[in-house]
Structure formats: C-alpha cells, structure tokens
There are 2 protein chains.
Amino acid sequence: MAGRAAVPEVIWARPERTGRGPKPAFTRADIAAAAVRIADAEGLDGVTMRHVAAELGCGTMSLYNYVPRKEDLYELMIDAIGAEHEMFEPTGDWRADMLRNADETRAIMRRHTWVPRLMPGVFGFSPNTLRYLEHCLACLEPLDVPAGTKTELVALLNGVVTTYTGNEIATAERTRSMPWTAEEENAVRMAYLGGQIATGAYPRLTAAFTEQSGPVDLEAVFRRALERVLDAFDPELR
Amino acid sequence: MAGRAAVPEVIWARPERTGRGPKPAFTRADIAAAAVRIADAEGLDGVTMRHVAAELGCGTMSLYNYVPRKEDLYELMIDAIGAEHEMFEPTGDWRADMLRNADETRAIMRRHTWVPRLMPGVFGFSPNTLRYLEHCLACLEPLDVPAGTKTELVALLNGVVTTYTGNEIATAERTRSMPWTAEEENAVRMAYLGGQIATGAYPRLTAAFTEQSGPVDLEAVFRRALERVLDAFDPELR
DNA sequence: GCGCACTACGTACGCTGTACGTAACTAGGA
DNA sequence: TCCTAGTTACGTACAGCGTACGTAGTGCGC
C-alpha cells in the first residue's frame with residue numbers, strides 16, 4: 001500500500017542546478033528562448049520536444065533533464081515573454097498607465113501570436129508574471145479602491161486584451177497550415193454569412209451588419225472596450 | 001501553371017447530402033453528438049478521429065466523408081452545444097436578460113469543460129452561434145444605443161464569461177492526466193507563491209494577498225465583473 | 001579517491017492526423 | 001432499362017508526436 005501519491009511538481013519551485021554531476025549545458029532561459037524562437041517562426045505546433053532539442057543542439061531526451069513535461073515548457077515560454085513588459089515608472093495617472101500596459105500586452109501578443117492559445121492552460125504565477133502584477137498594482141496606487149478590487153481590475157483588463165487580441169490572431173493564423181490564405185477563407189465565410197442573412201432568419205443581426213458602412217475598425221473596438229472597463233472601476237464616474 | 005488555388009472549405013457551406021451514391025450512415029448532428037459525448041467524458045484530448053469513429057461504430061477514415069479536417073469536427077462540437085442555449089422571450093429588462101444569458105453560457109461551459117480551450121480557434125459564425133447572437137440582440141432591444149454598440153456589448157460580455165469560466169476550469173482540469181489531484185497541485189503552487197511573497201520582492205501583491213481573509217469567492221468575482229461590464233454600457237449610469 | 005547523483009541521449013512504444021487506394025453502392029442520363 | 005460516374009466505406013500505411021526506459025559518462029562531496 002502506501003498511496004505512493006506522486007508529489008506535484010511546479011517548475012518554478014524546482015532548483016535550476018543541484019550541484020552534483022556534470023554542469024548542465026543550458027539554462028532554463030536558453031531553453032525558453034529556443035522554444036519562443038521556434039514558436040515565433042513556425043507557430044506553436046512547431047514547438048515539439050525534438051525540434052526544441054535540435055534548436056539547442058542536444059538530444060531530444062536531454063530536454064527532459066530540464067523540463068519534466070512539455071506543459072512545463074509552455075510555462076517557461078509564457079514567463080520568458082513576460083520579461084518583455086516594460087516596467088515603467090508609474091506616472092500617477094492610473095488610467096493612462098493601465099492603457100499603456102494593455103497596449104504593451106497587445107503588442108507582445110502580436111509579436112508572439114501563440115500566446116493567447118496558451119493562456120487558459122497556464123497557471124499565472126511565474127516569476128515574471130508576479131513582477132508584472134506587482135507593476136500593475138504600482139500603477140494603480142493612486143486609485144482609491146480596496147486592493148482586492150485592484151487585482152480584479154487587472155484580471156478583467158488582461159482578460160479583455162487576451163480575448164480581443166487572441167480572436168484577431170486566431171482569424172489570421174488559422175490558415176497557417178492550410179493551402180489557402182486567410183483572406184480567401186474569410187471571403188468564403190463572409191459569403192456564407194451573407195447567404196444566411198439573406199434568409200431573413202436573423203433580422204436584428206442583419207440590421208447590425210447593414211448599418212455599418214465600411215469594414216470594422218478592430219483597433220477602435222479594442223480601445224473602446226478598454227475604456228469601458230476602466231470606466232467601470234473609476235470612482236469619479238459613479 | 002494555373003494557380004490551382006485550393007478553395008477554402010467552410011463546413012457550414014458544404015451540403016450535408018449530395019444525392020448520388022449510398023446514403024450516408026450518419027448526420028452531422030450524430031457526429032457532433034458523439035464527439036461531445038467523448039469530450040464530456042474524457043476531455044478534449046479523448047476526441048480523436050479513431051475514437052469518434054469507434055463511438056459511431058464506423059471505420060476511422062469514414063469520418064472524413066463528413067468532416068474534411070479535425071478542426072471542422074471542433075466547429076461541429078461548438079455549434080452543437082450552442083443548441084443548449086435557452087432562447088427565452090426577452091423580458092424588457094436588458095440587464096437581467098443579459099445576466100441570464102451569461103449565467104447560461106457559464107453553466108454550459110461547466111457542463112462541457114472543453115469549450116474554453118476551443119473558443120479562440122473557432123470562428124464564430126456557425127448556425128447556432130448566429131441564432132444565439134440574434135437572441136442577444138433581441139434581449140438588447142430596449143437598450144437605446146446603436147446596433148454596433150450592442151454587438152460590442154455581446155462580444156465583451158461573452159469574452160468575460162469565457163475568460164473567467166475558462167480560467168476556473170483550466171485550474172481544475174489541468175490535473176486530469178496527472179498522477180496527483182488538483183488540490184495537491186494547488187497546495188504546491190500556493191506554497192511556492194507564499195515563498196515568493198516572503199522574499200518581500202512584491203510588497204503590493206503581498207498586501208493584496210494578506211488583506212483578504214478567507215478563500216476567494218470566484219462566483220462573486222464573476223458576478224461583479226459582469227455587473228461592471230453592463231454598467232459600462234448603461235446610458236442611465238453615465 | 002571513491003561513490004553516487006547527475007547529465008546525456010539512443011531506442012522503442014503507443015498514439016496521432018490523414019493520404020491513398022480499392023470495393024460496394026446508387027441516382028441520373030441514354 | 002442499363003450504364004456509368006459520383007459517393008460512401010474503410011483498411012493500410014506513413015510521418016510525426018510525447019515520453020518511458022536503459023545505459024554510458026561525468027565530476028562534486030565525503
């Protein structure tokens with residue numbers, strides 16, 4: 001008997017070096033950087049244990065000395081790009097600072113289009129994530145609400161950024177492995193949508209679609225969403 | 001030459017029957033239902049072409065007569081659960097109606113925990129998605145804002161529901177294939193977090209964590225987020 | 001200087017999505 | 001009415017995946 005309950009592993013709690021034996025050839029940062037390089041160039045599906053190992057110039061199974069599971073590799077990747085956040089000095093204008101943070105997150109996601117696909121599965125407490133959270137709280141210092149409300153604001157804002165940017169990216173990236181372009185696919189989908197609308201089964205939807213003149217300005221939609229979320233937390237507006 | 005540009009396929013534009021040859025043994029709905037059954041029972045990773053085919057009682061490759069790519073199977077699944085939305089008669093209270101819609105979406109996601117993982121990749125215009133969108137617009141009839149603003153409200157609200165419920169589910173589901181429980185993993189992660197906080201490197205984060213007495217009430221956090229989003233669109237509050 | 005914890009990594013297994021080829025079937029045109 | 005072309009059905013096969021396991025070599029701590 002004896003449950004032999006395997007103890008959960010958290011990559012961040014695992015020491016990077018243990019002292020005995022040969023020196024590890026790579027650091028965790030090396031591995032994360034290699035994985036990020038591949039994901040940027042070929043998409044998340046290009047990140048395979050074999051591929052990352054090849055990028056590092058070592059045998060596939062050697063990777064498992066550093067990363068117990070592939071999922072942990074993902075955690076390393078998310079943490080690595082967390083370092084790209086500029087932890088600027090708060091200006092005292094919490095709204096402007098949070099908008100800047102959101103814009104930066106959006107820019108990072110556009111540089112690393114695989115991030116949104118990873119977000120729901122990755123637990124949020126890597127070192128750089130903690131640093132970023134702390135930075136956001138510093139930006140929110142002038143906001144006179146309980147600390148719990150501030151973390152809720154950060155969570156909601158990050159969620160909106162991820163959702164909007166993720167959708168945008170997904171639309172563009174879906175065709176990466178397809179033999180046609182995103183524009184071609186979009187045209188076909190819009191043609192189908194037009195056909196559905198023409199059936200008259202969705203009157204209100206039809207109205208909404210015909211109301212707008214040109215193509216949707218995604219950037220403007222994004223900014224409006226951010227402003228609304230900030231409004232909802234602004235004591236001066238209530 | 002001749003570009004031979006493969007034409008994009010959209011599963012919904014493809015007719016379900018073509019007329020010639022033997023009658024198909026299954027409908028699209030049969031296939032979607034089988035896939036959903038598997039995903040509910042074993043998680044999204046259990047949904048393999050072989051497994052779904054076995055569930056239907058046909059050869060693996062026969063599935064490809066109905067679904068050109070696995071990704072399209074995912075679209076069928078998302079559409080199938082869209083049918084679970086209750087398209088109730090709008091009451092005239094748009095806030096209450098939208099809260100009800102959000103609660104229902106959350107309940108559906110909890111019944112089908114694989115949904116959030118699929119959301120970013122799946123294009124949103126399946127038949128049942130269109131019906132749901134139309135229903136939301138009907139609920140928003142009393143709200144005196146442009147139609148475009150209404151669709152933005154629906155998008156933002158759905159995004160929040162997906163993000164919050166998805167995070168919740170991800171935390172609970174990550175251990176499905178692990179040899180330890182979610183509680184055990186959570187304890188280890190919290191121990192790590194405690195260690196980090198103890199370093200004093202994150203003063204504001206520490207304050208936020210020590211401020212709260214008991215465990216976080218996720219349901220209350222969720223409801224507050226919804227209310228805030230609704231506030232941000234409510235003309236009577238501005 | 002010995003031993004052991006550690007790194008390195010080749011091989012192998014079970015699994016995946018799906019390309020391809022073949023056989024059976026049936027609706028439409030002659 | 002029969003023929004044929006477009007379907008459905010599906011077995012086989014292949015490249016690639018994550019990773020368990022075993023072995024060989026290395027160098028720190030005692």
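Naming convention: chains lettered A, B, ... in sequence-line order (proteins, then strands); numbering from 1 in each chain.
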Does some side-chain heavy atom of B/Thr113 sit less than 4.5 Å from a side-chain heavy atom of B/Arg176?
yes
Sugar-phosphate atoms are those with a prime plus P, OP1 and OP2; base atoms are the rest. Using that split, label each nucleotide of nucleotides 22-30 of chain D B, S or - for protein heavy atoms under 4.0 Å, 5' to 3'.
---BBSBS-
Whole angstrom value for the distance that separates C1' of C/dA19 from NZ of B/Lys70
17 Å
Any residue meeting ring pair (Phe, Tyr, Trp, His ring centres under 6.0 Å) with B/Tyr132, in chain and number order, not counting sequence neighbours:
B/His85
Distance, nearest 0.5 Å, that separates CG of B/Leu137 from OG1 of A/Thr206
10.0 Å
Rounded to whole Å, the CG-P distance (B/Leu63 to D/dC10) equals 10 Å
Any Lys/Arg nitrogen of A/Arg189 or B/Glu75 sitting under 4.0 Å from an Asp/Glu carboxylate oxygen of the other?
yes
Any idea which of C/dT7, D/dC17, D/dT8 is nearest the B/Pro24 side chain?
D/dT8
Along DNA chain C (nearest heavy atom to each residue), the more 5'-positioned of A/Thr60 and B/Met49
A/Thr60
May I ask you to decide whether A/Arg117 forms a salt bridge with A/Glu173, counting only side-chain N to carboxylate O separations under 4.0 Å?
no
Between B/Glu185 and B/Thr175, is any side-chain donor less than 3.5 angstrom from a side-chain acceptor?
no
Would you compute the distance between atom OH of B/Tyr66 and atom OG1 of B/Thr27 and round it to the nearest 0.5 angstrom?
8.5 Å
Taking only N/O atoms, report every protein-nucleotides 11-13 of chain C pair under 3.5 Å with atom names and distance.
none

Within residues 25-37 of chain B, residues whose heavy atoms come under 4.0 Å of DNA chain D
B/Ala25
Any ion pair linking A/Asp103 and A/Arg223 (charged N to carboxylate O, less than 4.0 Å)?
yes
Heavy atoms under 4.0 Å, any strand shown: does A/Ser62 hit a base, just sugar-phosphate, or nothing?
base
Degree of bending, the helix from C/dG1-D/dC30 to C/dA30-D/dT1 (end axes from five pairs; round to 10°):
0°
Interatomic distance, A/Leu44 CG vs D/dG18 P [rounded to whole Å]:
11 Å
List the atom of A/Gly159, the atom of B/Thr163, and the distance in Å for their closest heavy-atom pair.
CA-CG2, 3.9 Å
Hey, is B/Asp72 close enough to B/Arg69 for a salt bridge, meaning N to O under 4.0 Å?
yes
Tell me the interatomic distance from A/Tyr64, atom OH, to C/dC6, atom C1', rounded to whole angstroms.
19 Å
According to side-chain hydrogen bond (donor to acceptor under 3.5 Å, both in side chains), who are the partners of A/Glu55, at least two apart in sequence or on a separate chain?
A/Arg37
Which heavy-atom pair separates A/Met109 from A/Val161 by the least distance, and what is that distance?
SD-O, 4.4 Å
Less than 4.0 angstrom between a side-chain N/O of B/Tyr66 and OP1 or OP2 of D/dA9, yes or no?
yes
What is the distance, rounded to the nearest whole Å, between atom CG of B/Asp45 and atom C1' of C/dT16?
11 Å
What integer distance in Å separates A/Glu71:CD from D/dC17:C1'?
16 Å
Residues B/Glu84, B/Arg110: salt bridge by 4.0 Å N-O rule
no
Smallest heavy-atom separation, B/Thr60 atom then B/Arg50 atom, equals OG1-CG, 3.4 Å
